[in-house]
Amino acid sequence: MKAAMIFDMDGTLFQTDRILEASLHDTFQILRDEEMWEGDTPLETYRGIMGVPLTEAWRTLLPIHPTYVHERVNEEFQDKLIENILGGMGALYPHAEDLLSYLCKRGFPIFVASNGYPRYLQTIVEYYALDRWISSCYSIVDIDSEDKGELIRRVKEDHHLSHGIVIGDRRSDFKGAEENEFLTIGCAFDFSQENELHEADVVVGDLIEIRDYLEKVK
């Protein structure tokens, strides 16, 4: 059986950076209008923690606000992300479609395991017709844990996978793959950090390099 390809979404297949600033700014403007936030939108703080579950992200961004505010703000943020995707502001990374098509033709099962929420992920899949290649899309909310390793394990168990490669950009992807005895490919893209990429088995600067790597190890 060929190794399954398990992709992260944000910062790996989808250029989240293209919609992040506008979506986050609009969300915090709602808080400003309600006099629940003063000052600039904490964009750089969010960039630094990109890849963590959103519940953790809101605890970091809004440390003095109660949980119910985090939940409401997250709903607003999801709405803004989806609005901007449907408005054509986002984009897949270069060669994402070429790579997915190649993997599909080679017979590799393809999945997504992401900290993104289901309706957000589904919007990306539908807008770019990724279901041409991706078999299933898993969200962190599908499990009781916020551990990416547990989410990857769910994919592994659901599909009886014995071999896999996790493609992502952050330590949670690499650590989660290691916990499941899968190989890792690190994407040196927008949100990646050099000290974390050292933990990946292979590092690429362009998705098409994954095709080249697989051709070498046939």
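Along the sequence shown, residues are numbered consecutively beginning with 1.
To the nearest 0.5 Å, the span separating CD1 on Ile6 from CD1 on Ile134 amounts to 12.0 Å. To the nearest 0.5 Å, the span separating CZ on Arg153 from CG on Asp158 amounts to 12.5 Å. Rounded to the nearest 0.5 angstrom, Phe7 CZ and Leu207 CG are separated by 6.5 Å. Here CG of Asp169 is found 7.0 Å from OH of Tyr93. Values are rounded to the nearest 0.5 Å. Taking CG from Asp33 and CD from Gln29, the interatomic distance works out to 4.5 Å, rounded to the nearest 0.5 Å.
With a 6.0 Å radius and a threshold of 12 heavy atoms from other residues, nucleotides or ligands, Asp144 has its CG atom at or below the threshold. More than 12 non-hydrogen atoms from other residues, nucleotides or ligands lie less than 6.0 angstrom from CD of Gln193. Heavy-atom contacts from other residues, nucleotides or ligands closer than 6.0 Å to CG of Asp40 number 12 or fewer. Atom CD of Glu38 sits in a sparse spot, with 12 or fewer heavy atoms from other residues, nucleotides or ligands closer than 6.0 Å. Counting heavy atoms of neighbouring residues, nucleotides and ligands inside a 6.0 Å radius, atom CD of Glu215 exceeds 12 of them.
A donor-acceptor pair under 3.5 Å is absent between the side-chain atoms of Ser23 and the main chain of Phe77, judged by distance alone. With Ser192 contributing its side chain and Phe189 its backbone, the two residues share a donor-acceptor pair below 3.5 Å. Under a 3.5 Å cut-off, the side chain of Arg132 and the backbone N or O of Tyr128 do form a donor-acceptor pair. Counting only distance, with no hydrogens or angles, the side chain of Asn74 and the backbone of His70 share no donor-acceptor pair below 3.5 Å.
At a threshold of 4.5 Å between non-hydrogen side-chain atoms, the residues Leu214 and Lys2 do not count as touching. Contact check for Asp201 versus Phe182: no side-chain heavy atoms found under the 4.5 Å cut-off. Using a 4.5 Å cut-off on side-chain heavy atoms (C-beta onward), Ile85 and Tyr120 make contact. Between Leu62 and Trp37 there is a side-chain heavy-atom pair separated by less than 4.5 Å. Between Phe14 and Tyr127, the closest side-chain pair of non-hydrogen atoms is not below 4.5 Å. Residues Tyr117 and Leu81 form no side-chain contact, since every pair of their non-hydrogen atoms from C-beta on lies 4.5 Å or further apart. With contacts defined as side-chain heavy-atom distances shorter than 4.5 Å, the pair Leu54/Gln78 qualifies. Between Glu196 and Arg170 the shortest side-chain heavy-atom distance falls below 4.5 Å.
For the side-chain contact (heavy atoms from CB on, under 4.5 Å) test with Leu61, the passing option among Val73, Leu43, Thr45 is Thr45; the others fail. The side-chain contact (heavy atoms from CB on, under 4.5 Å) with Leu99 is formed by just one residue from the set Ile210, Ile110, Leu92; it is Ile210.
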- Query: For Glu179 and Lys175, what are the C-alpha separation, side-chain angles and deciding distance, and is it a salt bridge (Lys or Arg N to Asp or Glu O under 4.0 Å)?
  - Reply: CA-CA 6 Å; Glu179 291 172 0; Lys175 184 173 179 290; 2.7 Å; yes
- Intermediate values then yes/no, salt bridge (Lys or Arg N to Asp or Glu O under 4.0 Å), Arg211 and Asp206: CA-CA 10 Å; Arg211 180 198 64 189; Asp206 188 303; over 6 Å; no
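Salt-bridge formation is detected for the pair Glu44/Arg47: a Lys NZ or Arg NE/NH1/NH2 atom is positioned less than 4.0 Å from an Asp or Glu carboxylate oxygen. Of the charged side-chain nitrogens involved, at least one lies within less than 4.0 Å of a carboxylate oxygen, so that Lys148 and Asp8 count as a salt-bridged pair. No salt bridge links Glu75 with Arg72; every basic N to acidic carboxylate O contact stays at or beyond 4.0 Å.
Relative orientation of the Phe111 and His159 rings is tilted, given thresholds of 30° and 60° on the angle between their planes. Between Tyr46 and Trp58, the ring-plane angle classifies as tilted under the 30° and 60° cut-offs.
Nearest heavy-atom pair across Gly168 and Asp173 is CA-OD2, 3.5 Å.
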